[in-house]
Colleague: 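Questions regarding the structure given below will be posed in turn.
Heavy atoms only: backbone and side chains are in, while hydrogens, waters and symmetry mates are out. Chain naming here is simple, since letters A, B, ... match the order of the sequence lines and numbering starts at 1 in each.
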Amino acid sequence: MACLHDHSCEDHDCSSDWSLYKHIDLPKVSALNEAVPGSVKSVFKAWEQRLNFSGEHLESNEGDPELLVFIPFTSDVKIKSISIVGGADGTSPSKMRAFINRDGIDFSDAQGMQAVQEWELVENFQGVLEFQTRYSKFQSVANITLHFPDNFGGDTTQIHYIGFKGEATKLKRDVVATIVYELMPNPSDHKTRAEGGGGLSHVE
Amino acid sequence: MVLEATMICIDNSEWMRNGDYSPSRFQAQAEAVNLICGAKTQSNPENTVGILTMAGKGVRVLATPTSDLGKILACMHGLEIGGEMNITAGIQVAQLALKHRQNKNQQQRIIVFVGSPIKYDKKVLETIGKKLKKNSVSIDIVDFGEEDDGKPEKLEALLASVNNNDSSHIVHVPPGPNALSDVLISTPVFTDDGDGGRGFAAVGSSASGFDFGVDPNLDPELALALRVSMEEERARQEAAAKRAAEEAGGQDKGEEPSSNAEDATMSDVNVSAPEENKKITDSAIDGDENALLKQALTMSMNISGSGRSGGDAEMLEATGEDQELALALQLSMQESTGGPSSQSEENKLLGDQAYMSSVLASLPGVDTNDPALKDLLASLENQSENQSESQQKKSEDEPPNENK
């Protein structure tokens with residue numbers, strides 16, 4: 001579904017809507033089949049810079065339009081819609097498939113698995129098109145993997161901007177990072193009530 | 001310190017029986033694999049390494065990526081050579097094994113040892129390479145063994161199709177005296193970022209850039225101790241040689257063999273042998289070789305206070321190594337009696353002595369601090385002082401020869 005901005009942007013600050021990029025864990029963003037390793041990080045920027053074609057962008061390898069982008073967030077987010085700005089001359093991606101909260105997906109996994117949602121994309125040179133999500137499925141997203149299987153006929157696929165609209169929660173879905181197992185109880189770890197200042201004790 | 005999961009693809013085809021890499025291609029490959037496993041696990045404790053064989057009945061995964069070095073080394077035992085190598089299947093299985101690694105944060109790397117000719121087209125290899133590149137797997141190719149016509153080109157093509165930002169490498173190792181593992185240590189297969197493998201490599205092989213095979217960074221005290229003892233030894237030998245050169249008699253010669261033996265115990269034999277040769281050539285005095293020979297006999301027997309003839313006779317009853325020594329001594333003695341000029345005799349004896357010294361150093365029972373030995377040395381020195389002519393020495397050689 002596409003919605004065009006039919007109001008002037010002075011009234012309502014569009015950029016604040018698209019501020020989920022601030023919650024992206026940028027160092028851990030990765031992509032498969034990118035021509036320049038690390039270039040994927042350049043597509044997550046502020047709304048105002050989405051049409052800035054001059055800087056770095058994400059490009060796939062020659063002759064192979066598939067791209068797989070893994071995006072972890074610093075906290076759980078709810079994603080309402082996604083905006084993609086692709087390159088010219090048929091290098092824009094034509095299809096997008098999303099997977100939620102799974103890491104380590106590669107191309108064979110992506111091709112085999114059922115995506116949470118799939119979209120048919122159109123060329124979006126003005127950067128005004130956004131693709132809505134089935135919001136109920138995107139309620140607590142710790143990481144999202146976007147798979148772009150095809151483009152509009154170009155030799156490579158270029159992506160200049162990926163934007164997420166939604167809300168960030170303060171929650172973290174993260175797995176427990178460090179667990180300390182006690183083999184034997186250490187009394188100093190367990191302060192009893194008597195040591196802690198006492199309390200009422202019942203003697204029956 | 002890159003976090004990596006590595007799959008090593010071993011070539012165990014029939015071509016690995018060849019001996020152009022010592023001791024055989026397969027052994028050289030196994031050593032290299034062991035070193036690589038060690039280097040990878042040392043550079044980052046969370047690295048994992050797995051092994052698979054490409055020939056034999058088919059591609060077989062011996063170990064899935066694990067950080068347990070013992071398990072990896074254990075599965076290198078009992079590998080059989082046979083069949084033909086299937087490089088494409090091997091790489092694909094390696095890719096699959098890496099895909100199912102436990103820690104998805106690890107970079108994927110495949111190391112392929114290619115020792116036999118490749119029967120696949122360049123095209124096939126390039127498609128495989130592209131697939132590896134797409135899934136961001138790097139590859140290191142070790143080209144050794146068979147020198148096929150198209151083999152290097154095919155492997156270069158494979159490398160070009162995988163290579164992303166210079167993370168993949170190829171190494172061509174021609175057959176030669178250097179061990180396969182030694183050649184590999186200095187290549188990016190080991191060193192990776194440049195300093196990853198070097199520390200390990202220095203420990204792993206003695207043919208490193210460091211003086212005593214010990215990295216001063218890893219073990220400064222040991223390196224220092226070795227260096228100090230080497231310098232002390234050198235100083236002592238120089239002093240001994242100077243004294244020997246100054247004096248006519250062979251008074252100081254007795255000290256040389258004992259110092260030589262000590263030398264060997266403290267540092268490499270290879271390092272000490274040339275020095276011994278130098279010392280011996282510096283003081284070219286006839287009568288001393290005989291004293292040395294006798295010392296060698298007694299030292300090898302580790303007998304206390306035995307006479308010269310006693311030492312000779314018991315020589316024959318000793319172990320095989322001592323018998324070789326006896327033979328060498330016998331030859332040298334005969335040469336000393338039959339040689340036309342004293343100079344050439346000396347040279348032959350010198351050669352034998354160098355051999356002798358190195359043999360002595362390797363003999364297990366030699367104890368230079370043995371008091372009996374010291375007595376013997378003293379007695380020999382006295383004997384050599386009494387004699388002034390080389391002719392007298394030769395006449396004394398006759399009775400020992402007759403004893404034999």
Side-chain angles (χ1 to χ4, degrees), chain A residues 25-42 56 58-72 93 99-113 142-151 155-157 159 173-178, chain B residues 1-7 45-48 50 64-65 88-89 91-110 122-139 157-169 188 192-193:
Chain A
D25 194 353
L26 216 42
K28 296 214 190 101
V29 171
S30 68
L32 286 185
N33 204 27
E34 53 177 350
V36 178
S39 57
V40 62
K41 301 187 170 103
S42 61
E56 261 192 38
L58 172 63
E59 188 157 358
S60 70
N61 282 319
E62 288 262 340
D64 197 352
E66 266 192 278
L67 273 177
L68 197 62
V69 184
F70 172 70
I71 305 148
F99 303 91
I100 295 208
N101 293 338
R102 312 205 37 162
D103 48 332
I105 298 186
D106 72 345
F107 283 108
S108 44
D109 294 336
Q111 280 149 10
M113 276 172 19
N143 59 63
I144 184 170
T145 307
L146 295 175
H147 177 216
F148 303 96
D150 211 354
N151 65 5
D155 205 19
T156 68
T157 299
I159 295 181
R173 179 186 173 268
D174 213 350
V175 199
V176 184
T178 50
Chain B
M1 287 294 287
V2 189
L3 183 58
E4 239 179 17
T6 310
M7 275 304 285
E46 287 191 49
N47 278 352
T48 56
T64 54
T88 46
I91 294 181
Q92 284 169 328
V93 172
Q95 198 182 344
L96 195 63
L98 284 173
K99 183 176 140 157
H100 292 289
R101 64 196 185 284
Q102 288 189 317
N103 183 355
K104 302 287 180 191
N105 289 331
Q106 289 167 329
Q107 300 284 325
Q108 304 174 69
R109 181 172 289 274
I110 300 179
K122 216 198 275 195
K123 270 269 155 56
V124 179
L125 292 176
E126 277 178 359
T127 2
I128 302 236
K130 287 212 188 92
K131 199 156 162 251
L132 288 178
K133 183 172 179 179
K134 192 164 168 179
N135 288 298
S136 78
V137 180
S138 345
I139 194 170
L158 174 62
L159 183 81
S161 62
V162 183
N163 207 349
N164 190 353
N165 218 22
D166 261 348
S167 61
S168 302
H169 317 96
D192 246 10
D193 338 325

Colleague: Mind checking whether Lys99(B) and Ser108(A) have side chains closer than 4.5 Å, heavy atoms only?
Modeller: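 Lys99(B) vs Ser108(A): side chains touch.
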
Colleague: Side chain, backbone, both or neither: which part of Ala31(A) has an atom under 4.5 Å from a heavy atom of chain B?
Modeller: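 Contact with chain B: none, neither part.
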
Colleague: Between Asp103(A), Val36(A), Asn61(A), which shows the greatest number of heavy-atom pairs under 4.5 Å with chain B?
Modeller: Asn61(A)

Colleague: Should the heavy atoms of other residues, nucleotides or ligands under 6.0 Å from CD of Glu46(B) be counted, would the total exceed 12?
Modeller: no

Colleague: In this structure, are over 12 heavy atoms from other groups packed under 6.0 Å from Lys104(B) atom NZ?
Modeller: yes

Colleague: To the nearest 0.5 angstrom, please state how far the CG atom of Leu68(A) sits from the CG atom of Asn135(B).
Modeller: 9.0 Å

Colleague: Would you mind checking which part of Asn165(B) comes under 4.5 Å of any heavy atom in chain A, side chain (CB onward), backbone (N, CA, C, O), both or neither?
Modeller: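 For Asn165(B), side-chain heavy atoms alone lie under 4.5 Å from chain A.
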
Colleague: Minimum heavy-atom separation for Ala35(A) and Asn164(B), please, with both atom names.
Modeller: O-OD1, 3.8 Å

Colleague: Above 12 or not: heavy atoms from other molecules or residues under 6.0 Å from CD of Gln107(B)?
Modeller: no

Colleague: Of the backbone (N, CA, C, O) and the side chain (C-beta and beyond), which part of Lys131(B) lies under 4.5 Å from a heavy atom of chain A, both, or neither?
Modeller: neither

Colleague: Would you mind checking if Lys134(B) and Asp64(A) are paired as a salt bridge, meaning a charged N to carboxylate O distance below 4.0 Å?
Modeller: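 Salt bridge present between Asp64(A) and Lys134(B).
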
Colleague: Quick check: do Asn33(A) and Lys133(B) have side-chain heavy atoms less than 4.5 Å from each other?
Modeller: no

